[in-house]
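Here you go, one structure.
Each chain gets a letter, A, B and so on, in the order its sequence line appears, and its residues count up from 1. Quick caveat, the model's predicted, so the values are computed rather than measured.
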There are 2 protein chains.
Amino acid sequence: MQLSDAEWIVMNLIWDSGPTEASDVIAALGADNGWSDATVKTMLHRLVKKGALTTEQIGKKYRYTVAVRRSACVRKASRSFLDVVFGGDAAPALLHLVKTSKLSEDDLDQLRELLDSKSGAKTKNSKNKGSKE
Amino acid sequence: MQLSDAEWIVMNLIWDSGPTEASDVIAALGADNGWSDATVKTMLHRLVKKGALTTEQIGKKYRYTVAVRRSACVRKASRSFLDVVFGGDAAPALLHLVKTSKLSEDDLDQLRELLDSKSGAKTKNSKNKGSKE
DNA sequence: CGTTTCCGATTACGGGCGTAAACTGTTTAC
DNA sequence: GTAAACAGTTTACGCCCGTAATCGGAAACG
């Protein structure tokens, strides 16, 4: 599933909130993004058409429900980003992102753990590396 | 500077190779991407029009030279990717990318070092702050 | 009931993009 | 020097996207 920038905003909301009515999407996103009601409705419609959302009719209203897994879309977008900007090479991308991102101590710790878990099961502690290079 | 996917391919080549003639761009990218000569020429022209490339006439031929810094484009694309897909939150993005990427032991070590250097340990040896990314 | 109100569907429109043919001017080969 | 080759410029076209007005049917209100 291939989402445009604006569609990501809508999908992110519905992934976070669960099935949502159009009016709620409009309320939640319209003002914030400067979208008119019509614009939001168009996007919902297009998302249904492309299979990212489904509508179920609840009583007389419709609810929009995600039909694709967020993780799949994230994976696809990430892959595309890596391919386009970094030629598919993840390492420079990660170095860049880490360098340019604000990360909390907690974030850093989580990342360290993840790195270690990817390093065989060696559970080596990274804290004792050479201090300067 | 905002580059389309196809434009990234062209720009990546010229960033890597330095000033390049159209024929060389066509030779390097055309077959590989299934682009006709005309397609490559169109993209070069559009990149000039949008200010990403300049043409200098060397003798009777033209060379296309980058007019924007790669780092600036990478930064912009990364920012946009983070904003769109992860709501601007770098930490989940990094966790995801690390999880889903194949990384060599060297890559992992480099990342660990970088993480450590970002940790409160803002040691006074700030000699490597102007990294090029 | 008829009219207003909601809400989803249809239609619209300009711009960007991928793709590429056609045009034009210059250089080169016969 | 006239034709072929090359290279940059114009024009083209269909699709996606952001943005939105309008249509049409059902519900609610008076």
**Prompt:** Partners of B:K76 by salt bridge (charged side-chain N to carboxylate O under 4.0 Å, His left out), sequence neighbours excluded?
**Reply:**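 Per chain and number, B:K76 pairs via salt bridge (charged side-chain N to carboxylate O under 4.0 Å, His left out) with no residue.
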
**Asked** Quick one: side-chain hydrogen bond (donor to acceptor under 3.5 Å, both in side chains) partners of B:S36, sequence neighbours excluded?
**Response** B:T39

**Asked** Residues from residues 3-20 of chain B sitting under 4.0 Å of DNA chain C, heavy atoms only?
**Response**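 Residues of residues 3-20 of chain B under 4.0 Å from DNA chain C: B:S4, B:D5, B:A6.
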
**Asked** What is the minimum heavy-atom distance between A:G51 and A:V68, and which atoms define it?
**Response**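 The answer is O-CG1, 3.8 Å.
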
**Prompt:** Does anything in residues 14-23 of chain B pair up under salt bridge (charged side-chain N to carboxylate O under 4.0 Å, His left out), and if so which pairs, sequence neighbours excluded?
**Reply:**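 Of all non-adjacent pairs touching residues 14-23 of chain B, those that pass salt bridge (charged side-chain N to carboxylate O under 4.0 Å, His left out) are B:D16-B:R70, B:E21-B:K61.
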
**Prompt:** chain B on DNA chain D: first and last contacting nucleotide, 5' to 3', under 4.0 Å to a heavy atom?
**Reply:** D:dA7 to D:dA12

**Prompt:** How does each nucleotide of nucleotides 20-29 of chain C score, in 5' to 3' order, for protein heavy atoms under 4.0 Å: base (B), sugar-phosphate only (S), or none (-)?
**Reply:** BB--------

**Message:** Please determine whether side-chain hydrogen bond (donor to acceptor under 3.5 Å, both in side chains) holds for the pair A:R112 and B:S119, giving the CA-CA distance in whole Å, both sets of side-chain angles, and the decisive distance to 0.1 Å.
**Reply:** CA-CA 11 Å; A:R112 287 197 189 94; B:S119 267; 2.5 Å; yes

**Prompt:** Is the shortest side-chain N to carboxylate O distance from A:D107 to A:K102 below 4.0 Å?
**Reply:** no

**Request:** For A:E56, look at atom CD and say whether over 12 heavy atoms of other residues, nucleotides or ligands are found less than 6.0 Å away.
**Result:** yes

**Item:** Separation of C:dC6 C1' from A:D37 CG (nearest whole Å)
**Value:**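 After rounding, the reported distance stands at 11 Å.
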
**Message:** With a 4.0 Å cut-off on N to O distance, would you call B:R79 and B:D83 a salt bridge?
**Reply:** yes

**Asked** So which heavy atom on A:S78 is nearest to which on B:L97, and how close?
**Response**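 Where A:S78 meets B:L97 most closely, the heavy atoms are CB-CD2, 3.8 Å.
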
**Prompt:** Is there side-chain contact between B:S80 and A:F81, with heavy atoms separated by less than 4.5 Å?
**Reply:** no

**Request:** Please indicate whether B:Q2 has more than 12 foreign heavy atoms, meaning atoms of other residues, nucleotides or ligands, lying under 6.0 Å from its CD.
**Result:**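 Atom CD in B:Q2 is not crowded, with 12 or fewer foreign heavy atoms closer than 6.0 Å.
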
**Closest-nucleotide ordering on DNA chain D, the 5'-leading residue of B:R63 and A:M43** =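 First, find each residue's nearest nucleotide; the 5'-ward one identifies B:R63.
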
**Asked** What nucleic acid atoms does A:K50 come within less than 4.0 Å of, heavy atoms only: base, sugar-phosphate, or nothing?
**Response**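 Since only primed, P, OP1 and OP2 atoms lie under 4.0 Å of A:K50, the category is sugar-phosphate.
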
**Message:** What is the separation between atom CG on B:L47 and atom P on C:dC17, rounded to the nearest whole Å?
**Reply:** 10 Å

**Message:** Rounding to an integer number of Å, can you tell me how far B:L44 CG sits from C:dG18 P?
**Reply:**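 B:L44 atom CG is separated from C:dG18 atom P by 13 Å.
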
**Request:** Take the protein atom CD of A:Q57 and the nucleotide atom P of C:dC6, then report the distance between them rounded to whole Å.
**Result:** 19 Å

